[in-house]
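Structure first, commentary second.
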Amino acid sequence: MPTDVENWKSEVYGNEVRDRLFEFAEAGFDSIPDDERDAWFERFKWWGLYHQRNGQEGYFMLRIGTPNGVLEPGQLRVVGEIADEYARGPGTNPVFGDAYADFTTRQSIQLHWIELPDVPAVFEKLEENGLSTQQACGDSWRNIVGNPVAGKDGQEVIDAWPVIRDLNERFKGNDDHANLPRKWKVSVTGSADGSGQGDINDLAFEPAYKAIGGDGGEAGDDESEGDGDENGDAVGFNVRVGGGLARNEPRFARDIDVWVPPERVPDVAGGLSALFRDYGDREDRYNARVKFLVDEWGAAEVRETLQEEYVDFELESAGRDVREEYTYNAGEGERNDLIGVHDQKNGANFVGLNVLVGRMGAADVLELADLAEEYGSGEVRLSQRQNVIVTDVPDDALDEFLDEPLLEHYSPDPSPFMRGSVACTGTEFCSLSIVETKNRQVRFARWLKANVDLPADVDEFHVHLSGCTASCAQPQIADVSLRGMKTRKDGDPVEALDVGLGGGLGEDPGFARWVTQRVPADEVPGAIANLIDSFAAERDEGESFRAFVARHDEDELDAFVEPEETDYEDPMLHNTKRTWYPYAENDSMEDAPSTPADD
Amino acid sequence: MTTRLRVLDDGAWISVNDSREVRVSELWRVDAPDLCECALADLVVENFQSVGVDASTVEARVYGQCIACGATGTTGWIPLGRVRGGEFVEFDRSAVRRVRR
Ligand code: HEM
Ligand code: SF4
Ligand SMILES: [Zn+2]
């Protein structure tokens, strides 16, 4: 039996949702018939609008998909202006105030408290400035991710930015690919650092070299224009399929033994998305992601079906990849992230700034937009660690830029605990969440910074907090993974976190192992402090945390964790899900605001 | 009179007659021999898998974890509450629920 969501999608979905959305916006929130609300909320996702959770009736999260995290000059200012004007609601966050933007783990931007009647004006302003919410949520091509500094990175093997732009143009608003069984997350990376995080996407293109011989066909012969290595091998991409972290079923994308030249990426990507459209499971949403199809079929059958039914040229076998050079989120080596000052190909610099848990107030967004214009080209880019990157800063402007007061808050050289923090949305706005996340992670990071010293040679330590198993904060690929749970403390239910250790990407990615379960949230900072003490005391010389975890078994690791109350205080231990807004003075559901009046 | 039942928001809510009524993230005491061996499981409700109705009792299959023993999995049909005259009344959150066999 098809699911409700499939039924709703088969009635109206994709581009055509827009007209109805605008009609509802015109007539007001209450014009959506009660018995059609769930169907329309599901369809609105395709246009980037996600109705916020119970108690916040009539308010929406709005997601802007910025391909590869690239904000062209001027676009960040537009985001800041929209946040300032429209992203204010009845709830005020005690850390971030009103009107903020969230930079996400998939290089997108989320605004909250958006009211339906404002949507046409917001869309108009976004679209006038080359931004869009199309397919930012829903069952289709999501925002395409990659190395955010594509085209500029000194470590680049191939420039993936034109490829991503091309894919974005072809597959956004494309009716043939508008209604897939589930979300479809694509990563295209041209740099040798692994910063596109292809391994955890449904479809990944990763840089690879291929000797194109006499019988291999003409692919890549002329288009790669001198790109290539010293052997004259062509540069293109290897293809992996079926990664994803959600639902306690994490998978790394599987190698399907295909190399493509850049100009054929759209054919292969479109072929695989069509394969998913036709063969993915529409009966059971929990089994719908392509990762489960790859489980069932195996990589070889995916390749064979792609070859026989979806492309009209002979696929090449996989080329020589550069995975041994991957450092991003790898847990050791240089460039675990893109924070700090780095060389661009053209001699200028890109400067990665740390945004704690990805959230920035509108005033700061606007100031950052000014600084990007003053010191760089005006362009700003977003990383998959919820951080921002100012590009095109010339050497002679660098010192002055680094002295700007805004950079005290968004530092290019932050404490390891500030730098390593990633957190999802959590109970503040999200229905699925079991615990509060962003404000808690801010408190954790500040407490750890003040109270814990890492060994002197360790300057990065990643702690990712997700409110549930959907894993939006990518917890399984961090040094310390935290995931929302409940437990009882002195008999009463409290918010708790499962603790996993030693995950990361790199050449040989590995998911964190869940070693300690249901630690009451107020004992988590103490647990991390004790863990780091044990690590410092027992590590081999120069050993990374990830390597340290790898050589211990789960019981040993569980013993290192040692949950403990400290002077850390957690004001969100009670069930924040039962509130209409966790930080409101009168937070019970009975005090929830009424739906915003149309104005 | 038919009752409209739905699992919404990727498993976060049970909706009865177009109103979100039962949410994830609660702790329930459940007699669930198919999930674990505890006499009484202390179940963190993480996700609703499916919803149905037996006479006037609304029931759901739940993915979650027993925090008494650590077992994780999907339960059989757990009663959530009753529909009377089109109105849903949830069972008391602290009540013991018994999986239908
Ligand atoms: C209203 C808030 C949100 C809801 C309801 C939501 C819902 C979900 C769900 C249901 C999944 C599971 C995916 C699946 O199996 O298809 C998921 C995964 C994910 N979401 Fe969210 N999400 C929200 C906010 C966010 C935020 C704030 C971010 C980024 C910071 C984000 C990024 C991701 C990522 C990266 C995954 C990865 C897991 C995967 O690919 O399997 N989402 N989200
Ligand atoms: S991980 Fe769970 S709680 Fe966090 S934003 Fe995603 S769906 Fe919500
Ligand atoms: Zn049990």
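FYI, side chains are in, hydrogens and waters are out, and symmetry mates aren't considered; it's all heavy atoms of this structure. Below, chains carry the letters A, B, ... as their sequence lines are ordered, and counting in each starts from 1.
- In this pair, A:F60 and A:H51 present their aromatic rings perpendicular. The plane angle is above 60°, beyond the 30 to 60° band.
- With A:W40 as the aromatic partner, A:R37 does not meet the cation-pi criteria of under 6.0 angstrom to the ring centre and within 45 degrees of the ring axis.
- Within the 4.5 angstrom heavy-atom criterion, atoms from both the backbone and the side chain of B:I67 approach chain A.
- Neither the backbone nor the side chain of A:D284 comes within contact range of chain B; no heavy atom of the residue lies under 4.5 Å from a heavy atom of that chain.
- For the set A:K577, A:M485, A:E495, A:R578, the entry with the most heavy-atom pairs within less than 4.5 Å of chain B is A:R578.
- By the 6.0 Å and 45° rule, A:R483 stacks over the aromatic ring of A:W514.
- Heavy-atom distances place both the backbone and the side chain of B:V24 under 4.5 Å from chain A.
- Of the atoms belonging to A:R518, it is side-chain heavy atoms, and not backbone ones, that fall under 4.5 Å from chain B.
- When heavy atoms are compared at a cutoff of 4.5 Å, A:R488 approaches chain B by way of both its backbone and its side chain.
- Proximity to chain A involves both the backbone and the side chain of B:Q49, based on heavy atoms less than 4.5 angstrom apart.
- For the options B:R6, B:R4, B:E46, heavy-atom pairs under 4.5 Å to chain A are most numerous at B:R6.
- With 3.5 Å as the limit, one finds no donor-acceptor pair spanning the side chains of A:D281 and A:Y286.
- If you measure heavy-atom distances from A:T3 to chain B, you find no contacts under 4.5 Å at all.
- Although no hydrogens or angles enter the test, the distance criterion places no donor-acceptor pair under 3.5 Å between the side chain of B:T57 and the main chain of B:P79.
- The structure places CG of A:D591 at 15.0 Å from OH of A:Y581, a figure rounded to the nearest 0.5 Å.
- Classification of A:E428 and A:R53 as a salt-bridged pair fails, no side-chain N sitting under 4.0 Å from a carboxylate O.
- Only the side chain of A:D38 comes within less than 4.5 Å of a heavy atom in chain B; its backbone stays farther off.
- Between the side chain of A:E556 and the main chain of A:D553, a donor-acceptor pair closer than 3.5 Å is present.
- Contacts between B:S15 and chain A at a heavy-atom distance below 4.5 Å involve the side chain alone, from C-beta outward.
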